[in-house]
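Since the structure comes first, as C-alpha cells, the remarks are kept for the end.
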There are 2 protein chains.
Amino acid sequence: MAAKTNPIPSVWARRQREPDQPALSRAAIVREAITMLDAEGIEALSMRKLAARLNAGATSLYRHVATKDELMELAVDEVFGEITLPPADSPDWRAAATEAAGAFRATALRHPWLSSILGQAGLAYLGPNLMSYGERLTAFFASAGFPEPARAIDTVISYVVGMSTTEAAWLTTVARAGESEAEFIARLMPAAQEATAGFDHLTDAYAVATADPEPDPAAVRDAKFAYGLDVVLDGLALRLPR
Amino acid sequence: MAAKTNPIPSVWARRQREPDQPALSRAAIVREAITMLDAEGIEALSMRKLAARLNAGATSLYRHVATKDELMELAVDEVFGEITLPPADSPDWRAAATEAAGAFRATALRHPWLSSILGQAGLAYLGPNLMSYGERLTAFFASAGFPEPARAIDTVISYVVGMSTTEAAWLTTVARAGESEAEFIARLMPAAQEATAGFDHLTDAYAVATADPEPDPAAVRDAKFAYGLDVVLDGLALRLPR
DNA sequence: CCTGCCATGCGAACACTGTACGCATTGAGG
DNA sequence: CCTCAATGCGTACAGTGTTCGCATGGCAGG
C-alpha cells in the first residue's frame, strides 16, 4: 500500500497481477456495479470505489465502458434479464399478465436504484434484455387477442412502473434510516398526522389506514399493488373483442 | 471581477448590495431553482450556479436551505402547487378524474426534472401543496361514492406517474439532443429497427406504429395517455357500488 | 446616541466526483 | 526477436456539496 502511493521505479515494485482475480471485463464490471448498487444505493456508486472493488485503477474501467451513464444503461439491461416471464402461449392471459407484473415489481424492489434511473432515462434504452422483455410481453398480449397489444402493454407497464417506483423510493428511504419498515412508520406517524391536520378527507383516509389490522407493511403494499393491477386488467378485459 | 478574486481590504472594496435585487430568501431561492431546472435540466443545477444567478455567494444559500436535497423537496412541493384541480363537488367524477390526471401530466411534462426526483424520493414528501393535492383528490373520489378512495387514488396516480415519468424522460432525451421530437425519432429509427430485428412481435408492433398517419408525436403521446387512463377509469367504475 | 447582539452573507477549504491524457507493460503475430 | 495493438493506471483538471470562521450590518436595550 505504501509502495503504491510512492511508486519507486525498482525491479521489486514490478507489477504482478493476481492470476486468480479474473481479468477486467465489461461483464465483470457491470456485475460488480450491480451488487454495489444493491448493497449501498445509487449515490454510493463511484467509479473509484467500483474500481477498488475490482482491484483495478479507477480509470481502467474506461477501457471497457465509455462513461458512467453507459455503465448504468448496461446495469439496467442486465437486471431486466432477471425478469422471468410466463410462457407466451399461456391459456389464461390475466394470470400471465399478473405474473409478469409481479415479476417486474419484484425486480424493481430488489434493485431500488432501478427506479432512479428509469425516472431519469425512462424506458428508452435499447438493450437486448429489454427488447426481449418487450417481445415476450407483446407476444402473449397479442395471443390473448388484443388488436393493439402495444396499447395494452403501455397501460399496464405504466401502472406497474408508477407503483413500483413509489414503493422502491419508499423502501430506499426506509433503508437509509437504518430501521425496519414498521419502526420507520411508527416514527413517521406524528409528522404525518400533523401534516394531514386541517385536511378533513385526508385525516379520514389516514384513520382508515391506521385502523388496518394487518401489521405487516409489506403485506399492505402487496395488497395495494394487487388491487390496482386488477383494476387495470379489468379495464383491459373490456377491450378484448367479444 | 478582478477585485472579487483578489479581495483587497480597502474602503473602496466595501460591499454594497443592490437594493433593487430582492433580498435572498427561501422563496426566491426555490423560485430561481425551478426556472433553472426547467431551462437547463436537473444535472445542470449546482448550488454555485444557482447562487450566481441570485447575485449571491455559493454558501449563502445554506442560510435559508439546509441542504440541496431539501431544496429539491421544496421545489417539488412548489410545482405541485401549480396543479389545478376541478372543484370537489363535480357531478361527473370521470370527467373530474380525467382533468386531474391531465393536470398532473401537464406539470410533469412542463418540469421534466420532477420525474427524476420522484424516481429517487417517491411521493413521500409531506409538503403543504402535496397534502392539499391529495386532499382534494380524496375529496372528489369520496364524493363519487368510492368506499375506499385511497385505493382508487393510488391506482390512478400510479398509472399517471408511470406514464408521465416515461414521457418526461423521453422529452428530456430529445431536448438534450437539441432536435425536435420528429427529427429525433427519424434519427432513432434505424437503431430501433436494428434492435427489434429478430423479435417478431416487436417488429409487427413497430410496423403498426410507423404506419400511423398521425404525424405529430405529441398527439400520439396524448392519445396513448388518454387510452390508458380510460382503461384505468373503466376498471375503477366497475368498483363503484351499484 | 451609544453598545452589544445576532441574523445574514461569504471566502477559503475539504473531501469527493467523472473523466482526458499519456506513459508503462504486456501478449500475440510476423 | 521485433513490432504493434490492447490494456492498465498515475496524474491532473474542472467541477461538486458542504463546513467553518470571519466580516458586516441592522436592530434592541440602555
Side-chain angles (χ1 to χ4, degrees), chain A residues 1-19 21-29 32-33 36-37 40-75 117 120, chain B residues 1-19 21-29 32-33 36-37 40-75 117 120:
Chain A
M1 280 299 168
K4 204 169 192 180
T5 61
N6 184 18
I8 304 161
S10 142
V11 204
W12 312 112
R14 186 62 47 78
R15 183 165 45 124
Q16 191 170 338
R17 189 166 328 291
E18 280 83 324
Q21 196 73 11
L24 215 49
S25 78
R26 169 176 286 203
I29 292 174
E32 190 67 31
M36 208 170 158
L37 285 165
E40 314 191 32
I42 194 173
E43 75 281 355
L45 178 71
S46 82
M47 297 302 268
R48 279 178 242 261
K49 287 189 207 149
L50 176 58
R53 281 206 182 210
L54 291 160
N55 290 104
T59 58
S60 305
L61 306 181
Y62 286 89
R63 293 284 171 193
H64 304 89
V65 153
T67 181
K68 194 190 181 185
D69 284 349
E70 183 183 302
L71 172 58
M72 293 307 219
E73 200 172 326
L74 291 169
I117 304 183
Q120 292 180 305
Chain B
M1 277 300 168
K4 204 166 188 179
T5 62
N6 186 18
I8 303 161
S10 142
V11 202
W12 312 111
R14 186 62 45 80
R15 183 167 42 128
Q16 191 171 337
R17 189 170 327 292
E18 279 86 325
Q21 196 74 13
L24 213 51
S25 77
R26 170 177 284 204
I29 293 174
E32 190 66 31
M36 206 169 160
L37 285 165
E40 314 191 32
I42 193 171
E43 74 282 353
L45 178 71
S46 81
M47 297 303 267
R48 279 177 243 261
K49 287 189 206 152
L50 176 58
R53 281 207 180 207
L54 291 162
N55 290 103
T59 59
S60 306
L61 306 182
Y62 286 90
R63 292 285 170 191
H64 303 88
V65 153
T67 182
K68 193 189 181 186
D69 284 349
E70 184 184 301
L71 172 59
M72 294 307 219
E73 199 171 328
L74 291 169
I117 304 183
Q120 292 180 305

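Numbers restart at 1 for each chain; the letters A, B, ... are given by sequence-line order, proteins then strands.
- Looking at heavy-atom distances under 4.0 Å, A51(B) makes no contact with the nucleic acid at all.
- In this entry the distance linking CD of E40(A) with C1' of dC16(C) reads 15 Å, nearest Å.
- With sequence neighbours left out, R63(B) forms a salt bridge (charged side-chain N to carboxylate O under 4.0 Å, His left out) with no residue at all.
- Judged by distance alone with a 3.5 Å cut-off, no donor-acceptor contact links the side chain of R48(B) to the base of dG15(D).
- In this model, the phosphate group of dG15(D) is not approached by any side-chain N or O of K49(B) to a distance below 4.0 Å at OP1 or OP2.
- Side-chain contact between L61(A) and L71(A) is absent, with no heavy-atom pair separated by less than 4.5 Å.
- dG9(C) atom P lies 9 Å from atom CG of L61(B), rounded to whole Å.
- Taking CD of E40(A) as the reference point, atom OG of S46(A) lies at 9.5 Å (rounded to 0.5 Å).
- To the nearest 0.5 angstrom, M72(A) atom CE is 10.5 Å from T67(A) atom OG1.
- The separation between R63(B) atom CZ and dT18(D) atom C1' is 13 Å, rounded to whole Å.
- The CE atom of M47(A) sits 19 Å away from the C1' atom of dA15(C) (whole-angstrom rounding).
- Atom CG of L54(B) is separated from atom P of dT8(C) by 16 Å (rounded to the nearest Å).
- Between L50(A) atom CG and dT17(C) atom C1' there is a gap of 14 Å when expressed in whole angstrom units.
- Counting atom types as modelled, T59(A) pairs a side-chain N or O with a base atom of dG10(D) as donor and acceptor under 3.5 Å.
- Using a 4.0 Å cut-off on heavy atoms, the residues of residues 64-74 of chain A that approach DNA chain D are H64(A), listed by number.
- Take E43(B) and apply the side-chain contact (heavy atoms from CB on, under 4.5 Å) test, not counting sequence neighbours, and it matches R176(B).
- For the pair L50(B) and E32(B), the minimum side-chain heavy-atom distance is below 4.5 Å.
- Atom C1' of nucleotide dT8(C) and atom CD1 of I29(B) are separated by 11 Å, given to the nearest angstrom.
- At whole-Å resolution of the value, CG in L24(B) and C1' in dG26(D) are 17 Å apart.
- In this structure, A56(B) reaches the sugar-phosphate backbone alone: every heavy-atom distance under 4.0 Å involves primed, P, OP1 or OP2 atoms, never a base.
- Nearest-nucleotide assignment on DNA chain D puts the 5′-proximal partner with S60(A), out of S60(A) and Y62(B).
- As judged by a 4.0 angstrom heavy-atom cut-off over every strand, L45(B) is placed among residues touching the sugar-phosphate backbone only.
- Partners of R48(A) according to the side chain to side chain donor-acceptor pair (under 3.5 Å) rule, which considers only residues two or more places apart in sequence or in another chain, do not exist here.
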